[in-house]
Amino acid sequence: MFDDIRPYVDAEIPAAMQRIVSDKYFPLVCSFLFPEMPLQTVAGLVGSCRTVEEFQTRVMYKVIYSIAEKTTSGLSVSGMERLDPEKDYLFISNHRDIMLDAAFLQVLLSEAGRRTSEITFGANLMQGQLVIDVGRCNKMFRIERPSTVTSARDFLKKSQYASEYIRYAITRKKESVWIAQRNGRTKDGKDLTDQGIIKMFNLSGGEDRVQSLAELNLAPLSISYEWEPCDQLKALELYARSSGQPYIKKPGEDLNSILTGITQPKGRVHLTVCEPIRREELEPFCEYSNPDFNKAVADLVDSRIRAGYRLYPNNYIAADLLAGKRAHSYTNAEKEAFEKHIGEITEEYPEELRDILLRIYASPVMA
């Protein structure tokens, strides 16, 4: 079932491992992800994997943990105790980095003694056999984006198919699932759940919308970065849009964002597993119209994510710089470091870009 979008199963792993190590881009990827290891050693490690779990524990865990060690000042989590060990969840998360939001969750789930989750993977990113193989070996499944379908009707059909798979994964396969709260990363720092995501969840659930969502065990997830991933790239995109220019992605831009997000220093990173949404919280919405129901649930998710933010000095400094007065507590050294960072990436651009960057960092304070 769902063979065209689902992750690989264990029987498919050995062949996928051989394709990965034989791919012409494998040496380049290895030099980037395993710079201290000889190519043949990495090839042997990858080739030895025979199951999804082995690939995740022997390869992906090492990769993500290495990224965290090299580019963060600490990766932490709170709220894991809110998860019932007997349940599987639909983690719905704010989305700041293309790859690492979900990847960091997998490491933290594993360290907490829980199974890793399956991960939605946008069809716009699932290109090239190497990317497809690595993704599907890592419990990623394909989900369509509006840009990857030919019509609104086709998108609705693909959305229903994705909804059916998500429900199947959670209720039948007994796998948790991670999904972003909206299509694409948050660019402006304002984490808002797309009501269309809530609508999509219910496309496979029958007429009882409350029951449909309740059986998915929605668990909002809040991720906070001290230094916003790809902050300059996000600000440039917002600046282009604010100037009335149509923003068209350049060839390779998604890959550039992925690599920048992975390699860029991120400072402290914290994930908060928020209180899962209970059936009793959904029941007051049962008489709402479909649009109002979707909005009410989206608002509930947003309130959880906002409450789960870990605010850093950078957020407070940006808010104070925008307000023109000091209203929060932080050190002069922290302020100097933040202003130096902002100055370095905006010195060749108009003043408006600086204001956009400040709003990105200040948004969690103002939420």
Side-chain angles (χ1 to χ4, degrees), residues 1-2 5-7 9-10 51-53 56-57 60-61 76-95 101-121 138-141 143 162-181 193 197-223 270-286 293-294 296-308:
M1 295 178 66
F2 304 102
I5 65 169
R6 61 163 175 78
V9 296
D10 287 347
T51 66
V52 171
E53 184 177 2
Q56 289 200 311
T57 56
M60 294 308 301
Y61 183 89
S76 58
V77 65
S78 59
M80 281 288 186
E81 71 281 356
R82 295 178 173 129
L83 301 177
D84 184 337
E86 301 301 317
K87 289 183 178 179
D88 299 288
Y89 291 89
L90 177 52
F91 294 106
I92 179 167
S93 166
N94 62 329
H95 193 25
D101 293 348
F104 285 151
L105 173 64
Q106 307 315 306
V107 168
L108 294 168
L109 285 171
S110 181
E111 289 185 344
R114 294 189 64 97
R115 284 168 52 82
T116 54
S117 75
E118 293 194 3
I119 304 166
T120 56
F121 195 25
N138 194 38
K139 297 175 75 171
M140 293 180 171
F141 64 92
I143 190 165
S163 179
E164 291 168 354
Y165 178 74
I166 290 170
R167 193 170 301 276
Y168 170 76
I170 293 170
T171 64
R172 301 278 299 279
K173 291 176 68 178
K174 302 301 181 183
E175 294 274 5
S176 291
V177 170
W178 176 92
I179 190 170
Q181 67 181 170
T193 301
I197 295 286
I198 308 302
K199 176 182 177 181
M200 185 268 284
F201 295 157
N202 272 330
L203 288 176
S204 59
E207 294 184 6
D208 187 338
R209 297 168 302 180
V210 169
Q211 173 60 24
S212 171
L213 285 185
E215 73 175 4
L216 295 179
N217 299 320
L218 262 65
L221 180 72
S222 184
I223 181 166
H270 185 80
L271 277 72
T272 301
V273 179
C274 308
E275 189 69 38
I277 294 174
R278 304 183 307 278
R279 182 190 181 96
E280 308 89 82
E281 296 177 278
L282 299 171
E283 285 174 346
F285 311 149
C286 66
F293 179 88
N294 296 335
V297 176
D299 288 346
L300 182 57
V301 172
D302 290 344
S303 68
R304 291 279 213 276
I305 290 175
R306 285 194 296 269

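Counting from 1, the numbers follow the sequence of the chain as shown.
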Pairwise side-chain contact, [X] with [Y], heavy-atom cut-off 4.5 Å (strictly under):
X: R114; Y: Y89; value: yes
X: L109; Y: M80; value: yes
X: V177; Y: F141; value: yes
X: L221; Y: V273; value: yes
X: K139; Y: S117; value: no
X: I179; Y: F201; value: yes
X: I197; Y: Q181; value: no
X: N217; Y: P276; value: no

Can you tell me how far apart [atom1] ([X]) and [atom2] ([Y]) are? Round to the nearest 0.5 Å.
X: D101; Y: L271; atom1: CG; atom2: CG; result: 7.5 Å
X: S176; Y: R115; atom1: OG; atom2: CZ; result: 8.5 Å
X: L105; Y: I223; atom1: CG; atom2: CD1; result: 8.5 Å
X: L90; Y: I170; atom1: CG; atom2: CD1; result: 4.5 Å
X: E283; Y: E280; atom1: CD; atom2: CD; result: 6.5 Å
X: R306; Y: D299; atom1: CZ; atom2: CG; result: 7.5 Å

Main-chain N/O of [Y] paired to [X] side chain as donor or acceptor, under 3.5 Å:
X: S110; Y: V107; answer: no
X: R304; Y: E275; answer: yes
X: N138; Y: M140; answer: no
X: Y61; Y: Q106; answer: no
X: S163; Y: M200; answer: yes
X: K174; Y: T171; answer: yes

* Asked: Looking just at side-chain N and O atoms, do T272 and S222 make a donor-acceptor pair shorter than 3.5 Å?
  -> no
* Asked: Is it true that atom CD of E207 has more than 12 heavy atoms of other residues, nucleotides or ligands lying nearer than 6.0 Å?
  -> no
* If you count the non-hydrogen atoms of other residues, nucleotides and ligands that lie under 6.0 Å from CD in E164, is the total more than 12? -> yes
* **Verdict with supporting geometry, I143 and Y165, side-chain contact (heavy atoms from CB on, under 4.5 Å)** => CA-CA 10 Å; I143 190 165; Y165 178 74; over 6 Å; no
* Asked: Any salt bridge between E118 and R6, counting N to O under 4.0 Å?
  -> no
* How far apart are the C-alpha atoms of L213 and I277, what are their side-chain angles, what is the distance that settles it, and do they pass the side-chain contact (heavy atoms from CB on, under 4.5 Å) test? -> CA-CA 9 Å; L213 285 185; I277 294 174; over 6 Å; no
* To do: Using salt bridge (Lys or Arg N to Asp or Glu O under 4.0 Å) as the criterion, point out the one residue from R172, R167, R209 that pairs with E215.
  => R167
* Do you know which two heavy atoms are closest between F285 and F293, and how far apart they sit? -> O-CD1, 3.3 Å
* Structure fact -> Minimal heavy-atom distance between S93 and I305, with the atoms involved, is C-CD1, 4.3 Å
